[in-house]
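Working notes for the structure below.
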Amino acid sequence: MSEAAHKDYAGAKLGMWLFLYTEILLFGGLFVLYAVYLFRFPAEFARASNELSLTFGTVNTLILLTSSLAAAAAVTAVQKGARQLTFWLLVGTVITAAIFLVNKYFEWSAKFHHGIYLNGPGLAEAAPGEVIFFSLYFITTGLHGLHVLIGAILLTVIAGGVRKGAIHTGDYVKLENSALYWHLVDLVWIFVFPLYYLIL
Amino acid sequence: MSQQGGHIVPYRTFVFVWLALLVLTGATVAVSRVHLGALNVWVALGIASVKAGLVIFIFMHLQYEKPILKFFLFIALVVLAIFIGLTFTDVLYR
């Protein structure tokens with residue numbers, strides 16, 4: 001009788017959490033930059049922040065929170081052995097991720113259209129603080145968007161694994177870790193949203 | 001060997017947390033439209049921290065994990081606090 005390969009589930013999850021902590025510090029660096037420049041240019045940051053679309057920001061926040069709910073529920077579903085439900089919850093997570101990115105595309109396009117991009121004509125007359133605000137905005141939301149894209153690809157692969165039966169009630173740590181990654185993406189946005197979109 | 005012993009969080013709990021997150025999002029948007037001066041940023045960060053806590057402890061199951069994972073989160077946050085603190089000792093007193 002062949003024995004299944006030994007898998008260290010606790011170790012896998014510990015590794016994932018350690019990776020997530022490095023991600024917190026990565027985004028933390030960007031938030032420190034934000035804090036320093038907000039302190040130096042409070043009025044200019046407020047003016048630049050008002051140019052961001054509150055609607056886009058709020059809608060994307062609701063989308064990501066819902067997306068996180070689906071990912072969290074997918075873990076419960078796989079634990080309970082509900083394979084179909086797990087699959088569809090993951091599909092839902094990926095669809096909401098795609099909607100988030102489409103919104104981001106329209107949002108960035110509108111900014112580009114007004115010449116607001118690094119070295120763009122829309123920023124030629126802008127005060128230094130506003131230029132810094134938009135630089136940080138593009139870098140932070142760009143890096144975050146990249147994480148959304150990576151997370152969506154990861155969850156698509158996991159959904160495929162659930163469908164094929166490679167990920168199931170007895171072995172779901174990959175789904176768990178991917179969901180953790182997805183929640184981190186949500187977590188970063190929870191801070192990006194008020195800091196960039198809601199500053200008066 | 002199969003993966004067992006994982007704490008199963010009921011769907012209901014997740015839905016409640018999600019509703020709480022939606023309410024807090026509404027609250028942070030509403031509060032941000034009122035001019036409170038420097039307090040605006042602190043209120044925004046306070047609400048964001050509560051939301052982050054809900055996501056980390058419930059959505060990410062940290063509440064049900066071994067103490068070592070919680071300890072690591074604590075270390076990451078302390079490192080971040082030192083990072084921010086030391087930066088501002090420079091920025092504030094330059």
Item checked: Carboxylate-amine/guanidinium contact Arg47(A) Glu130(A), below 4.0 Å -> yes
Check: Is Glu51(A) salt-bridged to Lys111(A), cutoff N-O under 4.0 Å?
Finding: no
Among the options [options], pick out the one with the most heavy-atom pairs lying under 4.5 Å from chain A.
| options | result |
| --- | --- |
| Ile75(B), Val91(B), Ile58(B) | Val91(B) |
| Thr25(B), Thr28(B), Val55(B), Leu69(B) | Leu69(B) |
| Ala44(B), Gly37(B), Ala52(B) | Ala52(B) |
| Val29(B), Asn40(B), Ile84(B) | Val29(B) |
| Leu24(B), Leu62(B), Val31(B), Leu36(B) | Leu62(B) |

Exercise: do [X] and [Y] side chains pair donor with acceptor under 3.5 Å:
| X | Y | value |
| --- | --- | --- |
| His7(B) | Gln79(A) | no |
| Trp182(A) | Thr93(A) | no |
| Thr86(A) | Lys80(A) | no |
| Thr61(A) | Trp189(A) | yes |

Note to self: Could you report the tightest heavy-atom contact between Glu44(A) and Pro128(A), atom names first, then the distance?
What the structure shows: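 Smallest interatomic distance, heavy atoms only, reads OE1-C, 3.9 Å.
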Item checked: Nearest heavy atoms of Phe133(A) and Ala48(A), plus distance in Å -> CD2-CB, 3.4 Å
Next item on the list: On the 0 to 90° scale, with breaks at 30° and 60°, tag the Tyr137(A)-Tyr197(A) ring pair as parallel, tilted or perpendicular.
Entry: perpendicular
Residue [X] versus chain A: region with a heavy atom under 4.5 Å:
| X | value |
| --- | --- |
| Phe14(B) | both |
| Val17(B) | neither |
| Leu73(B) | both |
| Thr87(B) | side chain |
| Thr13(B) | neither |

Looking at [options], which one has more heavy-atom pairs under 4.5 Å with chain B than the rest?
| options | value |
| --- | --- |
| Leu195(A), Leu38(A), Val173(A), Thr22(A) | Val173(A) |
| Ala77(A), Ala72(A), Ala73(A) | Ala72(A) |
| Thr66(A), Asp186(A), Val75(A) | Thr66(A) |
| Ile24(A), Leu25(A), Thr58(A) | Leu25(A) |

Item checked: Contacting moiety of Ala179(A), where chain B heavy atoms sit under 4.5 Å ->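 Contact with chain B: none, neither part.
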Checklist line | Proximity breakdown for Leu85(A) and chain B, heavy-atom pairs closer than 4.5 Å | finding: side chain
Next item on the list: For the pair His168(A) (side chain) and Gly81(A) (backbone), establish whether a donor and an acceptor sit closer than 3.5 Å, ignoring hydrogens and angles.
Entry: no
